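My questions will all concern the structure given below.
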Amino acid sequence: MATAKNVSPGAALLRSSRMFSMPAPISAPSDLSMATKHKSATATTPFPTHLTVTTPQASRLVGDWGFKRPFPLKTTTKSTLPLVRVRKVDSIEHVTDFRSASDHAITLKKFQEMNLDFTVPQKDDQRPPKSVFEEDADVTALTPEERVKKENIRWRFNGPWLAGMTDGEFNEYLSSTVRGKRTEFRAYLKAQLAADMTNEQNQQAQERAEEAPVPVQSSDISETAFTEHLRQLRQDPVMLFQHVSRFLDLAPLAPEEAAFNRLGALRPNKRYTFSDSPYAANGPPITHPSAGLSYLRTKNYLDNHPIYGPQQRHPPVKARIVTPKNSAANYVAKIGVAGFISKIPEGETSFNFKAGGMYNKNSAIPGLNDFQPDVVGGSKVYVEPQKVTISSTGKVVLGFGATDPSAAVVQKEMVGEGVVFEDAVKETNEALSAQRPMLQRPWAARSRSIMGSSKTYGL
Amino acid sequence: MIIREFGVRQGRKALAASLRQGPACLRQLSSLSSETSGTPVAVADPVLQSTLKTSPEAKKTPSLFMQTAKPARKRPVAPDTTKQDWEDAQALRKSMRGVGTTVQPVYSPNDVFRNPPGPKDVTLELLMASQAHMGHHTSVWNPANARYIHGIRQGIHIISLEETAAHLRRAARVVEEVAYRGGLILFVGTRPGQTQIVTQSARLADACHLFTKWTPGTITNSDKILPGLPMKIVDQHDNELEGFDQHLMERRALVPDLVVCLNPLENFVMLHECGLANIPTIGVIDTNTEPTWVTYAIPANDDSLRCLAVIGSVLGRAGEAGNKRRLQDAQKGVVAWETPQAISTWTKIHGKRAEWAARAAREAAEEQAAREAALSGEEPLEKEGEGEVETEGRFRRGQNFRERRPPRASDDS
């Protein structure tokens with residue numbers, strides 16, 4: 001309450017109240033394809049924009065959610081968990097505008113049950129993914145020197161990602177932000193040139209084993225020399241873009257390799273350092289690369305089973321086959337893992353089963369290639385979630401693979417869908433009793449027929 | 001122990017069938033007694049033993065069930081330690097009473113009805129917790145409420161908690177004084193969900209309540225709308241007085257002396273009628289309500305039932321305190337209110353009328369006596385007869401006086 005020192009007691013109370021601490025809604029995800037595609041207006045958005053509010057059970061039954069008026073019981077008492085997002089506390093129509101927030105809140109709960117760590121996006125899947133909370137990837141507060149030094153691992157930039165801008169946005173950016181910075185940019189280039197010249201001087205002096213000369217200042221550079229430098233820069237677009245992007249703090253770009261090779265052929269004695277930022281290909285994420293969904297650093301831990309002991313794999317997750325494959329319409333199957341629609345893994349897996357495939361040792365997953373109307377609740381399949389990243393638009397990108405069959409059996413038994421251990425015990429006992437029938441305990445183990453109990457007086 | 005083992009060895013079946021079943025099978029004992037009489041039987045309970053011995057005329061038919069059933073209990077009968085266990089548990093409880101945490105009371109929405117807060121309990125925290133500060137959308141505000149508004153948050157006006165608390169305390173004071181002066185208070189809340197609130201307030205303050213539609217004209221046209229409704233006359237101790245039937249028949253309908261309205265927006269007609277009849281009103285004024293509709297405004301959220309329950313119970317408690325103070329003072333002989341004009345006028349006229357009637361009767365009696373005396377010529381017995389008549393007349397007069405002209409009288413519904 002440090003901020004509420006010089007205000008009235010009521011104002012201090014209000015400042016510490018729950019309603020005042022509700023964050024303003026963040027902007028909704030912009031999806032340009034919405035303009036051309038028919039999508040449901042009530043579909044779950046890729047990320048939540050409003051705070052989720054809950055209430056104790058006793059208050060929920062009288063509709064008290066802490067807002068201006070009681071919420072209607074008909075709509076708020078049907079769900080298992082009380083979860084609501086309030087879009088307007090009061091409106092002109094004298095109603096509180098609220099909706100259920102079960103979609104995002106329960107998705108978060110399901111996601112956290114998978115114990116996945118968010119990883120830095122990778123171009124190739126060769127190396128094991130690295131958590132975004134590792135020392136070399138978790139950069140938040142940076143000094144100006146570090147900003148340049150860590151430009152390949154940073155995820156937040158002041159400037160835009162040029163490759164993701166439309167033409168109009170780019171022109172707007174030029175006219176509103178860039179154009180007024182000409183003088184500043186010249187000064188920046190001059191300072192850079194002075195630093196380069198100082199470096200060169202020092203290097204030469206070092207080679208000749210002399211004292212380091214006086215460093216070159218920006219003011220020492222003549223206009224003609226600077227103009228000459230500018231002319232050279234214009235001939236070297238890669239260098240120029242490096243200056244421009246550092247000056248405007250632009251997000252890194254990943255040009256095609258062919259373009260670089262052409263440039264290299266043009267200037268054979270010039271060596272370029274290319275950006276290998278993980279965010280160069282698709283742009284930096286709009287949130288922290290973990291999006292605050294999980295703060296785990298690794299999933300390399302051992303699960304223990306109460307009977308079978310330590311497990312090689314984490315328990316697999318039951319995924320929903322949202323849409324089966326439709327070859328005629330050229331749709332791939334959609335699979336929802338913990339509430340996130342995910343891409344089917346590539347390669348020779350049971351997810352890509354083709355009848356008559358030569359090397360296919362996997363069997364087809366029921367319901368994946370054909371819709372099965374008789375399955376209650378829709379077809380499900382056990383999958384193994386492998387890695388998860390946040391895309392540049394803030395969506396959760398979840399990668400999964402086919403699970404180990406034995407891990408699936410163990411998990412099914414854990415959730416009560418199968419009986420493996422009990423069957424095995426019964427089988428063993430039956431085998432034993434077949435060998436030694438006299439081993440049976442006589443009448444203590446036998447189920448006794450009770451003719452009457454103390455309650456019925458034997459009648 | 002030895003006997004018991006002997007029994008097990010010798011006649012397991014008989015023994016088991018008879019007594020190991022416990023006292024619940026007492027009914028079967030009689031049928032078994034003849035068979036088990038020769039067998040040594042272990043009986044833990046002396047009552048059972050006596051039952052066994054004192055059943056010689058039992059039926060001979062053996063119970064099939066008890067013969068074939070397996071014993072239900074394998075273990076021997078343990079000594080009954082229930083009493084000792086209970087005493088030990090009590091002792092342990094006593095010694096551990098001071099150990100452990102104390103359970104804090106938690107919020108329950110029904111608390112405001114189970115334990116209604118009074119004017120002393122009004123705090124800013126209570127008002128904020130009951131959402132009293134949440135006004136309406138900023139675009140529907142009434143600028144007359146600007147002095148109650150603290151600011152804007154989440155698109156709504158925030159009502160200053162200090163203003164709410166101050167106005168609520170003032171309104172509570174008004175209710176208390178009106179109750180102290182024997183006034184008739186009416187609590188009005190006509191929105192759905194406000195029934196429990198207004199009935200509780202009315203019960204606390206010994207007042208009237210309205211949770212359905214206000215019939216327009218109930219005050220200004222009450223002669224047509226409320227004729228012949230029951231009324232009663234009470235004294236300063238709130239005891240009902242007899243003998244005012246004639247007055248009550250010709251009396252006009254009651255009007256409240258104070259109206260508390262929880263939703264002024266829907267009850268403009270009622271508030272207007274109160275204004276015409278010079279009846280003071282107390283109203284919960286939200287940021288979209290016109291504050292001049294009521295005499296005493298309480299700036300607060302009129303949509304939250306939780307807020308209205310707090311306000312209603314505070315005002316109800318205030319009325320309760322006023323009534324209590326009034327009755328206590330009446331015990332001491334202090335009465336802060338006057339008999340209404342209609343009743344005092346009526347009692348005056350009625351008393352006069354009775355006096356005249358008595359005088360006429362006395363004169364008629366005197367005339368009659370004089371005539372009789374003139375006829376008979378006897379004088380001496382006159383005084384005694386006259387005295388009797390006089391006594392009777394005085395007695396009657398006195399009774400009328402006490403009943404119909406009480407020291408203080410008031411009306412109540």
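All values below come from the heavy atoms of this structure, side chains included, with hydrogens, waters and symmetry mates left out. So you know, we letter chains A, B, ... as the sequences are listed, proteins then strands, and number each from 1. Keep in mind the model is a prediction, meaning the values are calculated, not measured.
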Can you tell me if CZ on Arg156(A) sees more than 12 non-hydrogen neighbours from other groups inside 6.0 Å?
-> no

Would you find more than 12 non-hydrogen atoms of other residues, nucleotides or ligands less than 6.0 Å from Phe421(A) atom CZ?
-> no

Among His150(B), Glu162(B), Arg153(B), which has the most heavy-atom pairs under 4.5 Å with chain A?
-> Arg153(B)

Under a 4.5 Å heavy-atom criterion, the part of residues 131-147 of chain B in contact with chain A comprises Gln131(B), His133(B), Met134(B), Gly135(B), His136(B), His137(B), Ser139(B), Val140(B)

Do Met19(A) and Ile158(B) come within less than 4.5 Å of each other through their side chains, counting heavy atoms only?
-> yes

Heavy-atom count around Lys426(A) NZ within 6.0 Å, excluding the residue itself: above 12?
-> no

Quick one: list whatever passes ring pair (Phe, Tyr, Trp, His ring centres under 6.0 Å) with His209(B), sequence neighbours left out.
-> Phe211(B)

Measure distances from Leu61(A) to the heavy atoms of chain B and classify the residue's part below 4.5 Å as side chain, backbone, both or neither.
-> neither

Look only at the side chain of Asn301(B) and the backbone of Lys68(A), and say whether a donor-acceptor pair between them is shorter than 3.5 Å.
-> yes

Under 6.0 Å from the CZ atom of Phe340(A), do we count more than 12 heavy atoms belonging to anything else shown?
-> yes

Reported CG-to-CG distance for the pair Leu305(B) and Asp64(A), which is rounded to 0.5 angstrom | 9.0 Å

Please check if the side chain of Arg69(A) supplies one atom and the backbone of Ser304(B) the other of a donor-acceptor pair under 3.5 Å.
-> no

Answer key: most heavy-atom pairs under 4.5 Å with chain B among Ser17(A), Ser59(A), Gly66(A) is Gly66(A)

In Å and rounded to the nearest 0.5 Å, what is the CG to CG distance from Leu13(A) to Leu161(B)?
-> 6.5 Å

Heavy-atom nearest pair, Val62(A) first then Pro109(B), reads CG2-CB, 4.0 Å

Can you name the ring pair (Phe, Tyr, Trp, His ring centres under 6.0 Å) partners of Phe47(A), sequence neighbours left out?
-> none

What part of Ile156(B) gets closer than 4.5 Å to chain A, counting heavy atoms only: side chain, backbone, both or neither?
-> side chain

Under 4.5 Å heavy-atom distance to chain A, tell me which part of Gln154(B) shows up: side chain, backbone, both or neither.
-> both

Any side-chain heavy-atom pair from Pro56(A) and Tyr107(B) closer than 4.5 angstrom?
-> no

Is any residue of residues 261-268 of chain B within less than 4.5 Å of chain A by heavy atoms, and which ones?
-> none

Is there side-chain contact between Asn288(B) and His94(A), with heavy atoms separated by less than 4.5 Å?
-> yes

So which part of Glu163(B) gets closer than 4.5 Å to some heavy atom of chain A, the side chain, the backbone, both or neither?
-> neither

